[in-house]
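Down below is the structure, laid out as structure tokens.
Per chain, numbering begins at 1; letters A, B, ... match sequence-line order. Note that the structure is predicted; figures quoted are calculated from it, not measured. Atoms considered below: every heavy atom in the structure, side chains included; atoms not considered: hydrogens, waters and symmetry mates.
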Protein chains: 2
Amino acid sequence: MENNQLKLENQICFKIYSAEREITKLYRNLLEELDVTYPQYLVLLVLWEEKSVTVKELGQKLFLDSGTLSPMLKRMEGNNLIDRRRSLEDERTVIISLTKKGEDLKNKAQCIPSKLLENLSLDMKELKSLNQTLSSILNRIQQKI
Amino acid sequence: MENNQLKLENQICFKIYSAEREITKLYRNLLEELDVTYPQYLVLLVLWEEKSVTVKELGQKLFLDSGTLSPMLKRMEGNNLIDRRRSLEDERTVIISLTKKGEDLKNKAQCIPSKLLENLSLDMKELKSLNQTLSSILNRIQQKI
DNA sequence: TAAAATTTAATTGTGCACAATTTATTTTAT
DNA sequence: ATAAAATAAATTGTGCACAATTAAATTTTA
């Protein structure tokens, strides 16, 4: 009896795993000029929208915990991209905000989304269906956890 | 002027990045019983198909380099899942094969693919389109590199 | 055939990612 | 008011992931 279920080529999740890493490599090239990693770029995306957020809020938006965020934010602070300060109302929470340098990086980043989509060269139909499918996967999984 | 391109919610790649990690978490639960990580499970999938492969071949199949594979394979050897030996014909190459324990793990793994798909609860149509889109993304990216 | 180039793994160093624990603070329940 | 519970972030420890370098073996080429 064949064992197709356990064949690598039939693993849909292996494709997601591989695609994620290949796409991150594409980002790496584009982000080199900004001198940030892809996860750091995600933090910047949030801050370009929100001005300031707590570590907890960042974690909720990016699905990352403090074990990942704390050292990463420390590195970003070291690179002068963000400021970190304790909230005055609640000394437990840490508020993250952009420095001038982090703020200014937004201009350089404007071209990144379109350049990346160009590299992927998906047509509109594929893009839409991929978007929908991933969203529904994420919704389903997150409900279970 | 709005800046929709840089909004987090519009980042298709963020969804792939998030989905990859959420799916890996689902695997983590299923793989706990086998006492292997997801990347180690991928190595096992290859070996259950092939009996023995070189580190280079593994890297080509999984899109991983020796910097990732060498220490991981050493851990798997330490857990008695695989054997590593230098090829006699070409002393540069290292041949990876399953131990009895690694071989036997295949039985326990039989249920994993179906359990995982159940967790994702995608319908056939979604699964097919996701599969196609990811394959074409992977093809396109890999041609560029 | 000996030197140069190539190939294969391993190593080194950096940066996530996450489970589990710890520390400090705030909230709640007595 | 205070002890217990809950919350937020940091820390610790393990395991990828990858760029860059190194070391050893093989192949190519002059």
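In this structure, Thr93(B) reaches the sugar-phosphate backbone alone: every heavy-atom distance under 4.0 Å involves primed, P, OP1 or OP2 atoms, never a base. At the heavy-atom level, Leu64(A) lies under 4.0 Å from the strands shown only through sugar-phosphate atoms. Within 4.0 Å (heavy atoms only), Thr54(A) reaches sugar-phosphate atoms of the nucleic acid but no base atom.
By the neighbour-count criterion of 12 heavy atoms within 6.0 Å, atom CD of Gln60(B) is densely surrounded, having more than that number from other residues, nucleotides or ligands.
Below 30°, between 30° and 60°, or above 60°: for Trp48(B) and Tyr41(B) the angle between ring planes is above 60°, a perpendicular geometry.
For Lys74(B), the side-chain atoms get nearest to dT11(C) when compared with the rest of dT11(C), dC18(C), dG15(C). Taking the side chain of Lys56(A) as heavy atoms from C-beta on, and the options dA8(D), dG15(C), dA9(C), the nearest nucleotide is dA8(D). In the set dA8(D), dA17(D), dA17(C), the nucleotide with an atom closest to the side chain of Thr68(A) is dA17(C).
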Between N or O atoms, less than 3.5 Å apart, protein on one side and nucleotides 20-27 of chain D on the other: list the pairs.
from	atom 1	to	atom 2	distance (Å)
dT26(D)	OP1	Glu91(B)	N	3.1

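Separating the CE atom of Met72(B) from the P atom of dC18(D) is a distance of 11 Å, rounded to the nearest angstrom. Rounding to whole angstrom units, CZ of residue Arg86(A) and C1' of dT7(D) are separated by 12 Å. Atom CZ of Arg28(B) and atom P of dG15(D) are 12 Å apart (whole Å). Gln40(B) has its CD atom 14 Å from the P atom of dT14(D), to the nearest Å. Taking atom CD1 on Ile95(A) and atom C1' on dT25(C), their separation rounds to 15 Å, with Å as the unit.
Where Tyr17(A) and Pro71(A) meet DNA chain D, the nucleotide closest to each residue was compared, and Pro71(A) sits on the side nearer the 5' end.
The side chain of Ser70(A) places no N or O atom within less than 4.0 Å of a non-bridging phosphate oxygen (OP1 or OP2) of dA9(D).
For the residue pair Lys15(B) and Ser135(A), a side-chain donor N or O sits within less than 3.5 Å of a side-chain acceptor on the partner. Looking at Lys56(A) and Thr93(A), their side chains never bring a donor and an acceptor atom within 3.5 Å of each other. Side-chain contact annotation: Glu20(B) with Thr24(B), donor-acceptor N/O pair under 3.5 Å present.
A pairwise comparison of heavy atoms in Phe14(B) and Lys61(A) identifies CZ-O, 3.3 Å as the closest pair.
The salt bridge (charged side-chain N to carboxylate O under 4.0 Å, His left out) test with Asp104(B) is passed by exactly one of Lys106(B), Lys101(B), Lys100(B): Lys100(B).
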